[in-house]
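Structure record follows, encoded as structure tokens.
Each chain gets a letter, A, B and so on, in the order its sequence line appears, and its residues count up from 1. Predicted, not measured: the structure shown is a model, and the values here were computed from it.
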2 protein chains.
Amino acid sequence: MVLIIILAGMSTASSDHDTERLIAARLGAGGSRYTSARRLVARALAQSTGPQSATELLSSLEGAVPLSSLYRTLGVLEEAGVLAREHGSDGIARYELAEWLAGHHHHLVCTGCGEVLDIAIDPDTETKIASLIDHIAGSADYAVSGHRIDIEGRCTTCVET
Amino acid sequence: MVLIIILAGMSTASSDHDTERLIAARLGAGGSRYTSARRLVARALAQSTGPQSATELLSSLEGAVPLSSLYRTLGVLEEAGVLAREHGSDGIARYELAEWLAGHHHHLVCTGCGEVLDIAIDPDTETKIASLIDHIAGSADYAVSGHRIDIEGRCTTCVET
DNA sequence: TTCCTTGCAAACGATTTGCATTGGA
DNA sequence: TCCAATGCAAATCGTTTGCAAGGAA
């Protein structure tokens with residue numbers, strides 16, 4: 001039996017605090033400040049259930065960060081390795097905390113509405129998959145550094161239509 | 001031992017011919033014609049080693065198809081299920097033959113230059129991975145319909161820098 | 001004749017950038 | 001004080017669309 005866990009963001013105060021400290025340090029190392037706008041964006045992403053687009057962040061931040069600054073913030077955080085950017089099937093960029101902050105996980109993508117959910121596969125299964133993929137590294141003429149698995153399907157809302 | 005095969009496009013004349021016939025039928029069923037522009041695009045994609053962007057296609061077609069028509073062609077072919085569209089980490093749309101034409105495969109993505117290579121994992125490994133992913137379907141509240149695996153790494157050119 | 005298709009140019013929307021202003025160490 | 005960060009407006013760039021002309025059945 002394989003278990004998957006829907007990740008619902010950092011939940012304990014201590015891990016939140018930890019994350020903040022790690023981000024501040026990472027930014028500081030690059031000569032950047034952990035300003036309030038950056039804090040707001042990082043917190044919003046730490047609490048989301050999946051990658052967020054700039055527009056989605058804009059509305060959840062309720063105008064606290066103007067669009068151009070939001071993009072610049074996302075750029076800085078990505079540059080620093082705090083965020084990972086990806087593009088869904090709609091071509092819109094979505095951001096989430098990098099794996100070293102959020103943990104290794106995969107995505108459940110709804111082919112209907114485009115919603116993306118973070119999922120963690122149970123360690124045993126993850127180990128098996130990782131080992132299969134590692135084997136592949138041996139035969140590819142590539143310096144393999146990671147993998148990403150998207151599972152496609154329809155969410156409970158979209159499966160009806 | 002796990003083998004991977006870099007797919008270099010349809011190579012035999014018979015399978016080329018087959019592919020053309022299948023595409024024509026698929027388009028015809030939807031009331032569309034398999035015109036010369038569409039033929040050119042489909043052929044270019046059938047011969048490529050990985051998904052191609054509109055711009056890349058534009059240059060490989062050497063102006064035979066103007067940009068707006070190219071986009072419309074890609075749209076029609078995607079709509080008909082002949083092509084699959086995806087977005088790489090750069091956010092640019094890339095197209096390739098749908099799996100029922102090209103076969104099930106995964107991608108080797110260079111994190112340096114963004115190049116994407118189609119790879120087929122040997123059937124044994126693919127079966128193992130597919131079965132693990134199928135198991136996941138059992139516990140997710142999603143109607144799972146497929147999966148995609150991207151293996152990230154650096155190609156021989158980019159690994160040096 | 002009747003639709004489908006094409007191609008130019010204009011429109012769009014997500015993202016980026018120039019530049020003057022603000023703010024934190 | 002000094003350099004990073006901000007925010008507005010304008011610019012980019014991939015992509016889409018309106019519309020009139022061309023082409024196949």
Does any donor-acceptor pair link the side chain of R72(B) with the base of dG18(D) at a separation under 3.5 Å?
yes

For E79(A) and dT15(C), give me the distance from atom CD to atom P, rounded to whole Å.
17 Å

What's the CD1-P distance between I92(B) and dT16(C), to the nearest Å?
12 Å

Decide whether a cation-pi geometry holds between R39(B) and Y34(B); the criteria are a distance under 6.0 Å from NZ or CZ to the six-membered ring centre and an angle within 45° of the ring axis.
yes

S68(B) side-chain proximity, nearest of dC3(D), dC8(D), dC8(C)
dC8(C)

Compare side-chain N and O positions of R38(B) against OP1 and OP2 of dT5(C) and report whether any pair is under 4.0 Å apart.
yes

Donor-acceptor check, side chain of E152(A) to backbone of D150(A), threshold 3.5 angstrom: yes or no?
no

Over how many whole Å does the gap from Y34(B) atom OH to dA24(D) atom P extend?
16 Å

Taking dG24(C), dA24(D), dT15(D) as options, the one with an atom nearest any side-chain atom of A93(B) is dT15(D)

I need the R72(A) CZ to L77(A) CG distance, nearest 0.5 Å.
14.0 Å

Using a 4.0 Å heavy-atom cut-off across all strands, classify S32(B) as base, sugar-phosphate, or nothing.
sugar-phosphate

Calculate the interatomic distance between R33(A) atom CZ and dA25(C) atom P; express it in whole Å.
7 Å

Measure from the side chain of T73(A), starting at C-beta and using heavy atoms only, and say which of dT6(D), dT15(D), dT15(C) lies closest.
dT6(D)

How long is the line joining CG of D90(A) and P of dA14(C), in whole Å?
10 Å

Looking for any heavy atom pair under 4.0 Å, which part of the strands does T35(A) touch: base, sugar-phosphate only, or nothing?
sugar-phosphate

In whole angstroms, the gap separating C1' of dG14(D) from NE2 of H87(B) amounts to 10 Å

Rounded to whole angstroms, how far apart are CG on L70(A) and P on dA9(D)?
17 Å

Using modelled atom types only, decide if a donor and an acceptor are shared between the side chain of R26(A) and the backbone of A80(A) within a distance under 3.5 Å.
yes

Check the distance between dC8(D)'s P and Y71(A)'s OH and give it to me in whole angstrom.
16 Å

Is there, by distance only and without an angle test, a donor paired with an acceptor across the side chain of R85(B) and the base of dG14(D) below 3.5 Å?
no

Classify the ring geometry of H87(B) against H87(A): parallel below 30°, tilted from 30° to 60°, perpendicular beyond 60°.
parallel

